[in-house]
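Scroll down for the structure; my scribbles are underneath it.
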Amino acid sequence: MSGTPPTPASPADSGDAAAPKSFRTPIGTHDLAPPESGRWVALLGAFIAAADRAGFGYLQTPIFEDIGVFARIGEGTDVVGKEMYEFLDRSDRHLALRPECTASVCRAFAQHRPATPWKVWYQGPFFRYEAPQAGRYRQFHQIGAETLGTDDPDADVEIIALAAEFFGAIGLQRVPLLVNSMGDADTRAAYGEALSSYLQRRADDVDPKDRDKIERHPLRILDSKREATAAVAAEAPRITDYLTQATAAHFERVREGLNALGVSHEVDHKLVRGLDYYTRTTFEFRAASLDTAQDTVCGGGRYNGLVEALGGPPTPGIGFALGIERLLLACDAEGVFDIPAQRAEVWVIDTAGGAAARDLTHELRSVGIRADRAFDDRSMRAQMRAADRSGAEVALIVGTDEVDAAAVTVRPLRRPDGGDAGMPQQTVPRAELLGTLQRIFDELNAEGGT
RNA sequence: CGGGUCGUAGCUCAGUUGGUUAGAGCGCCAGUUUGUGGCACUGGAGGCCGGGGGUUCGAAUCCCCUCGAUCCGCCCA
């Protein structure tokens, strides 16, 4: 990662002996370096495969947008209220770093008017100005998928199944799915009244720290973690009792579909989600293996009014976002989806000046072999150590003898049985090198690949 | 933004009631006779003890401030 510290600038160059200022990543941000970064690449690969099979195409939207795009997420939410990275550019345009992607996807839809259904997935960094803690960062990363242009409950099922499929692909087991329905505007209004009057009646039983929410954001009372509040919430009216016939039927069909696909789930009447735009289906996957404060690994729902609110045609939509950092935390907790080993297949050792290492690695790579080498003309011993640590199957040794004979010494480093005691080496003419390597790999695959 | 815990080598950590040149393990580099890895041994590089101020003859150690990390509230992926 960090290399050798640079030698201090000589007074002659700098004219000043003061140590240069050093920097680190801003609060709540992180570098992602090998080997850990290999996990992200693999994770993305697994998602891409699942999304591709389900007919979702990749959508990339800007990392910053006109701040108005995000205002529709919810006036009362912290996400737009106080957590946005907003700024004026040099021409006084009021912009913001994106805190999430659904609004951007809807903006893109309104801007381009693609044919429907529009099925897209996205991936990338998002930004929220919050104090970091376990599973919550100022720059975090999400993968998500959205289907716009259809209100068909089977689209909801497809979206949820995609997330479930992905969890399965990376080996996550303990991520129970919770679903609920927020109904439509009418049910939300009717339910809002019922909930408010109930909460006002029980205000004294609500934890004092939650009381202000009764006025400000009554829905959020429902998912409070405080014991007293949770007790009140448990007896609160349920939104599913206020669903219109159409939304109730929609919800029923979604559940039926999940059952049909074997996606186990549970209805959670207290699942309200934080963002204002949700209508009808809402859902969350929570990591049961995590005992951190943030255990929602994937959240989503339907947002039938959002495209219109962003100046587009009335267009229904459903989607989810999943937090990569949290997902990886959950993988750690379950002990699944390890960091993939990145290893060379062949390591070239050159004690005759380096030209052979330069040329051979290039030649091997061009025929598809993962080949690597040491630099700086190190001793043979050092190069052998590097070869061993690289995990390579085979070392190719080129010293002065080999150069004179136009040959290469092929030195296997692993045994098919997994041991590493070494096998007899052989010196072959350079012209026969690829064939010899092929035989060795075949042998290893045949005997070792049980 | 409020609260808890914590900052000593690249990493994980020792460092006794304040007392001389701040240590270990791992990692890294080099060697242990001829051109050969893992194991073992030897040596080496690498620390403004997070930063600033204070108390003291003397501070990694005590006090204050600050910055950062981490966790919780809150919020959310």
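Naming: A, B, ... by sequence-line order, numbering from 1 per chain. As a basis for the values below, the full set of heavy atoms in this structure was taken, side chains included, without hydrogen atoms, waters or symmetry mates.
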Of the candidate nucleotides B/C72, B/G73, B/U36, which contains the atom at the shortest distance from the side chain of A/Arg226? B/G73

Side chains of A/His217 and A/Glu215: is there a donor and an acceptor less than 3.5 Å apart? no

Is it true that A/Asp388 and A/Arg385 have a side-chain N and a carboxylate O under 4.0 angstrom from each other? no

Just compare B/U70, B/G31, B/C75 and give me whichever is closest to any side-chain atom of A/Lys213. B/C75

Please confirm whether the shortest side-chain N or O distance from A/Arg378 to OP1 or OP2 of B/C29 is below 4.0 Å. yes

Has the side chain of A/Glu402 got a donor or acceptor that lies under 3.5 Å from a partner of the other kind on the base of B/G35? yes

Kindly indicate whether the side chain of A/Gln383 and the base of B/U36 share any N or O donor-acceptor pair separated by less than 3.5 Å? no

So, OP1 or OP2 of B/G37: does either fall under 4.0 Å of a side-chain N or O from A/Arg414? no

Base, sugar-phosphate, or nothing: which does A/Glu100 touch, judged by heavy atoms less than 4.0 Å apart? nothing

Taking the cut-offs as 6.0 angstrom to the six-membered ring centre and 45 degrees off its axis, would you call A/Arg138 and A/Tyr129 a cation-pi pair? yes

Under 4.0 Å between a side-chain N or O of A/Arg389 and OP1 or OP2 of B/C28? yes

Out of B/C74, B/A77, B/G37, which nucleotide sits closest to the side chain of A/Arg326? B/A77

Does a side-chain N or O of A/Lys209 approach OP1 or OP2 of B/G2 to a distance below 4.0 Å, or not? no

If I pick the P atom on B/G2 and the same atom on B/G44, what distance separates them, to the nearest angstrom? 50 Å

Please figure out whether A/Gly28 or A/Val398 has its closest RNA chain B nucleotide nearer the 5' end. A/Val398

Using the C1' atoms only, state how far B/G15 lies from B/G7, rounded to an integer number of Å. 15 Å

Side-chain N or O of A/Arg220 closer than 4.0 Å to phosphate OP1/OP2 of B/C76: yes

Taken in chain and number order and not counting sequence neighbours, the residues that satisfy side-chain hydrogen bond (donor to acceptor under 3.5 Å, both in side chains) with A/Tyr85 are none

Does A/Gln133 place a side-chain N or O at less than 4.0 Å from the phosphate oxygens OP1/OP2 of B/G73? yes

Over all strands shown, is A/Gly144 touching base, sugar-phosphate only, or nothing at heavy-atom distances under 4.0 angstrom? nothing

So what does A/His217 touch, heavy atoms closer than 4.0 Å: a base, only the sugar-phosphate, or nothing? nothing

Please determine whether a side-chain nitrogen or oxygen atom of A/Thr292 lies at a distance below 4.0 Å from atom OP1 or OP2 of B/C71. no

Base of B/G68 paired with side chain of A/Arg24 (donor-acceptor, under 3.5 Å): no

At under 4.0 Å between heavy atoms, what does A/Tyr129 touch on the DNA or RNA strands: base, sugar-phosphate, or nothing? nothing

Write down the distance separating the P atoms in B/A45 and B/C29, rounded off to the nearest Å. 16 Å

Would you call A/Asp156 and A/Arg302 a salt bridge, taking side-chain N to carboxylate O under 4.0 Å as the test? yes

Looking only at B/A69, B/A77, B/G73, the nucleotide nearest the A/Ile27 side chain is B/A69

Which whole number of Å gives the distance between the P atom of B/A40 and that of B/G25? 13 Å

Could you tell me whether the side chain of A/Arg385 has a donor or acceptor atom within less than 3.5 Å of a complementary atom in the base of B/C29? no

Nearest-Å distance once atom C1' is located in both B/U16 and B/G23: 14 Å

Mind checking the C1' distance from B/C49 to B/A22? Whole angstroms is fine. 8 Å

Under 4.0 Å, counting only non-hydrogen atoms across every strand here, what does A/Ser379 touch: a base, just sugar-phosphate, or nothing? sugar-phosphate

Report yes if a side-chain nitrogen or oxygen of A/Arg273 is closer than 4.0 Å to either non-bridging phosphate oxygen (OP1 or OP2) of B/A77; otherwise report no. yes

Under 4.0 angstrom, heavy atoms only, what part of the nucleic acid is A/Ala387 near: base, sugar-phosphate, or nothing? nothing

Considering heavy-atom distances to RNA chain B, does A/Thr351 or A/Leu322 have its closest nucleotide positioned more toward the 5' end? A/Thr351

Could you work out the separation of B/C74 and B/C62 based on their C1' atoms and round it to a whole Å? 36 Å

Would you say the side chain of A/Met380 lies within less than 4.5 Å of the side chain of A/Thr351, judging by non-hydrogen atoms? yes

Answer whether the closest heavy-atom distance between the side chains of A/Trp40 and A/Glu325 falls below 4.5 Å. yes

What interatomic distance, in whole Å, is found between C1' of B/C65 and the corresponding atom of B/C75? 30 Å

I'd like to know if A/Glu393 pairs up with A/Arg411 as an ion pair, taking the criterion as any Lys NZ or Arg NE/NH1/NH2 lying under 4.0 Å from an Asp or Glu carboxylate oxygen. no

Return no unless some side-chain N or O of A/Lys225 is found under 4.0 Å from OP1 or OP2 of B/G73. yes

Looking at B/G73, B/U70, B/U36, which one has an atom nearest to any side-chain atom of A/Ala131? B/G73

